[in-house]
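FYI, side chains are in, hydrogens and waters are out, and symmetry mates aren't considered; it's all heavy atoms of this structure. Note that the coordinates shown come from a computational prediction; the quantities given were computed from them, not determined experimentally.
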Amino acid sequence: METLDWLVVASYFTLLGLLAWWVIRQSRDTADDYFLAGRGLGWWIVGASIFASNIGSEHLVGLAGSGATDGVIFAHYELHAWCLLVLGWVLVPFYMRSMVYTMPEFLERRFSASSRWVLAVISLVAYVLTKIAVGIFAGGIVFRTLLPDLQFSIGQTVIDSFWIGSVVVILLTGAYTVLGGFRAVAYTEAVQTVVLIAGSALATWYGLQALGGWEVLRATCGSEMFNLWQPLMPEGVAATWEPIQEPTRAAWYFDNGVYPWVGMLFCAPIIGLWYWCTDQYIVQRVLGAAGEREARRGSIFAAFLKLLPVFIFIIPGMIAFALAKQGQTAGLEPLLGADGGVARDQAQAAFPLLVKSVLPAGVRGVVVAGLLSALMSSLAGVFNACSTVFTIDLYGKLRPGASQSQIVSVGRIATAVMVLLGLAWVPVIASAEGLYGYLQSVQAYLAPPIFVVFFGGVFFKRVNASGCLAALLVGFALGLWKLAVDTPVSLGFAGYESGYTAGSLNYIVNKMYFQYFSLAIFLVSTAVLFFASYATAPPDEAQLAGLTYGSLSESDKQASRASWTTFDLIASGIILSLIAAAYVYFSG
């Protein structure tokens, strides 16, 4: 970082600070304004805010790292832009019609108060295990790479740039999030979207120029790194049903070091539809829209933006690895292992190393500003989502007579507690093989039951509160079981250095590939939902009004039809065509 770079970064933070201050002065100390920006956001702000909150630490750091190690395989998750179309066309009418603050509140409207409590707890646990902790960890990775010499000592303890960076990211994002609420988050995320796209695109451009162009990248990385569809088993390893893992023979359902196409085809969409269509962290932006048309167009705009990460996050990671293999760019040596392949334990630093080694002064400052934008926007979004869920769904139910100012104050306190819990989880994430892989695996264990009850509730009138609650509890228990089994091995606790006894139940669960386990949770949750629903009384027709496709009135249908035009259909069709083209191109 040279003087010009620091000036660029300082200018960016000055602009962001002025915008945040202006937004804070416009805010009103009410729950509607603090949590949903007064339900007045336009489609551009909605779409940009969705993109910025999604494109955070796990993308700029983790996704680039996965590009360096495994090529484009995680592009499957980025090409789930079609899930945003499902949000806009399928679920937005129900969400906007219900006028809810949170996803747990919507579940209460459709099912029962008990399901609202359960989903609120599940959501908060998921935010701590994934979004908050991963954001903090990735912020530390960036600072450790860009400012390796920054440190100070407290007694015998040396505080390095990793932890300094983590705390700095928390303080900066926490400041305007706590003061301005969701309005400040949404407007700053709109600016951050422009900066992070521009910065990441510059990193891709300068990286390709240094490497020699796109064809050189393909030749250096090889066709396999450009293949979205990987085989069920590694080359030379025979598949078996036996719970074993040997060099030449292994259980097909174990984690064998590949991302098999079956998991990507059947499991990844479950995670995608849960995240984009039912997660408070994303859907809150839609709930803050001025109306159904603004919410739908915001979702479509976000889907367009969602196609970019393949080229501005995954590809830079691959470029960094290719430059390291060439051996002509100083500073990228840590990415290579002793065997000439990628050093997986260093791959998470691929993006900041590329920025540090390839970009010229000034441009580097723009990219770093974009990098920090992503880190801050994702954390700001999850801080506000945690605040909303805890305050509206838990505290609000316990203290229905609380004043508006009390509700906002409790939300701020809840955010601070979530941050502390996230910090406690950082060591767990640090021991995982790949930041982005960790995030996807944890989400894969928590997503299926939520996906099942939301989509089951909207499409099937007969699904009732008993089925919803049973599916949530059973599915969540299975996910927590998997995490409880995996964590001691991941952390290397005493007695778990070599894992579990071969052939035991915990051994099989620990070794099972995360996407297959997620698919199992989905199937079990679905069976429980319908079995428990049909074993008990059907739901009250009055409660279903406007909340399922089978209970829509003519006025509901006409209002939704009036909210979209041919333009919306054409834009959605273009997005689907671009996704199909990407799947064809990235086939090896």
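Of the candidates T102, N384, I50, Q284 forms a side chain to side chain contact (heavy atoms under 4.5 Å, CB included) with just one, namely N384. Here the rule is side chain to side chain contact (heavy atoms under 4.5 Å, CB included) with I314, and of T204, V72, D70 only V72 fits it.
A distance-only check finds no donor-acceptor pair linking the side chain of S115 to the backbone of F111 [under 3.5 Å]. In this structure, the side chain of T391 does not engage the main chain of T388 through any donor-acceptor pair within 3.5 Å. Judged purely by atom type and a 3.5 angstrom limit, N227 has no side-chain atom pairing as donor or acceptor with the backbone of M225. Side-chain atoms of Q280 come within 3.5 Å of backbone atoms of M103 as a donor-acceptor pair (strictly under, hydrogens ignored). S200 contributes a side-chain N or O that, together with a main-chain N or O of L196, makes up a donor-acceptor pair within less than 3.5 Å. T220 contributes no side-chain N or O that, together with a main-chain N or O of L217, makes up a donor-acceptor pair within less than 3.5 Å. With Y281 contributing its side chain and Y275 its backbone, the two residues share no donor-acceptor pair below 3.5 Å. Checking side-chain atoms of E78 against main-chain N and O of P309 turns up no donor-acceptor pair under 3.5 Å.
Taking CG of L308 as the start and CD1 of I55 as the end, the distance is 8.5 Å to the nearest 0.5 Å. Rounded to the nearest 0.5 Å, atoms CG (L336) and CZ (F321) are 6.5 Å apart. A distance of 9.5 Å separates CG in L469 from CG in L107, rounded to the nearest 0.5 Å. Going from atom CG of L307 over to atom CH2 of W82 covers 13.5 Å, rounded to the nearest 0.5 Å. Atom NZ in K511 sits 13.0 Å away from atom CG in N506 (nearest 0.5 Å). Remark: C83 SG to I282 CD1 distance equals 11.5 Å, nearest 0.5 Å.
A cation-pi geometry, defined here as NZ or CZ lying under 6.0 Å from the six-membered ring centre and within 45° of its normal, holds between K482 and F517.
Residues satisfying the side chain to side chain donor-acceptor pair (under 3.5 Å) criterion with K356, sequence neighbours excluded, are absent altogether. Remark: E108 engages R116, K397 in a side chain to side chain donor-acceptor pair (under 3.5 Å) (not counting sequence neighbours).
In this structure the side chain of D255 never reaches within 4.5 angstrom of the side chain of F514, judged on heavy atoms. Looking at heavy atoms from C-beta onward, W274 lies out of side-chain contact with P448 at the 4.5 angstrom threshold. Counting heavy atoms from C-beta on, the side chains of Y516 and F254 never come closer than 4.5 Å. In this structure the side chain of L79 reaches within 4.5 angstrom of the side chain of L228, judged on heavy atoms. V237 is not listed as a side-chain neighbour of P247, based on a closest heavy-atom distance of 4.5 Å or more. Residues K306 and W276 have side chains in contact (heavy-atom distance under 4.5 Å, counting atoms from C-beta outward). Residues C267 and I271 are in side-chain contact: their nearest non-hydrogen atoms beyond the backbone lie under 4.5 Å apart. When side chains are defined from C-beta on, D486 does not count as touching W481, because their heavy atoms never get closer than 4.5 Å.
Closest of all the heavy-atom pairs between A324 and L332 is CB-O, 3.5 Å. For the pair P449 and L472, the tightest heavy-atom approach, listed with the atom from each and the gap, is O-CD2, 4.0 Å. L354 and A203 get closest at one heavy-atom pair: CD2-O, 4.0 Å. Taking all atoms of both residues into account, the shortest heavy-atom contact from W241 to Y253 is O-OH, 2.7 Å. The two residues S533 and G467 make their nearest non-hydrogen contact at OG-CA, 3.4 Å. Closest heavy-atom contact between A68 and A347: CB-CB, 4.5 Å.
In this structure, Y583 places its OH atom where more than 12 heavy-atom neighbours from other residues, nucleotides or ligands lie under 6.0 Å away. More than 12 heavy atoms of other residues, nucleotides or ligands shown are found within 6.0 angstrom of OH on Y395. The environment of CH2 in W261 is sparse: at most 12 heavy-atom neighbours from other residues, nucleotides or ligands sit within 6.0 Å.
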Report task. Please report the C-alpha distance between T278 and F451 in whole Å, then the side-chain angles of each, then the deciding distance to 0.1 Å, and finally whether the side-chain contact (heavy atoms from CB on, under 4.5 Å) criterion is met. Result -> CA-CA 7 Å; T278 70; F451 163 78; 5.7 Å; no
Requested in this report: Take Y259 and I73 through the test side-chain contact (heavy atoms from CB on, under 4.5 Å) and record every step on the way to the result.
Outcome: CA-CA 7 Å; Y259 298 96; I73 187 64; 3.5 Å; yes
Requested in this report: Decide side-chain contact (heavy atoms from CB on, under 4.5 Å) for E189 and R285; before the verdict, give the C-alpha distance in whole Å, the side-chain angles of both, and the deciding distance to 0.1 Å.
Outcome: CA-CA 11 Å; E189 282 178 339; R285 280 109 190 99; 3.3 Å; yes
Query raised in the report: After noting the C-alpha distance and the side-chain angles of D393 and W117, does the key distance pass the side-chain contact (heavy atoms from CB on, under 4.5 Å) rule?
Result: CA-CA 7 Å; D393 295 309; W117 279 90; over 6 Å; no
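A distance of 6.0 Å or more separates the ring centres of F266 and F522. You'll find the ring centres of F586 and W229 outside the 6.0 Å limit.
If you check the side chains of S223 and R218, you find no donor sitting under 3.5 Å from an acceptor.
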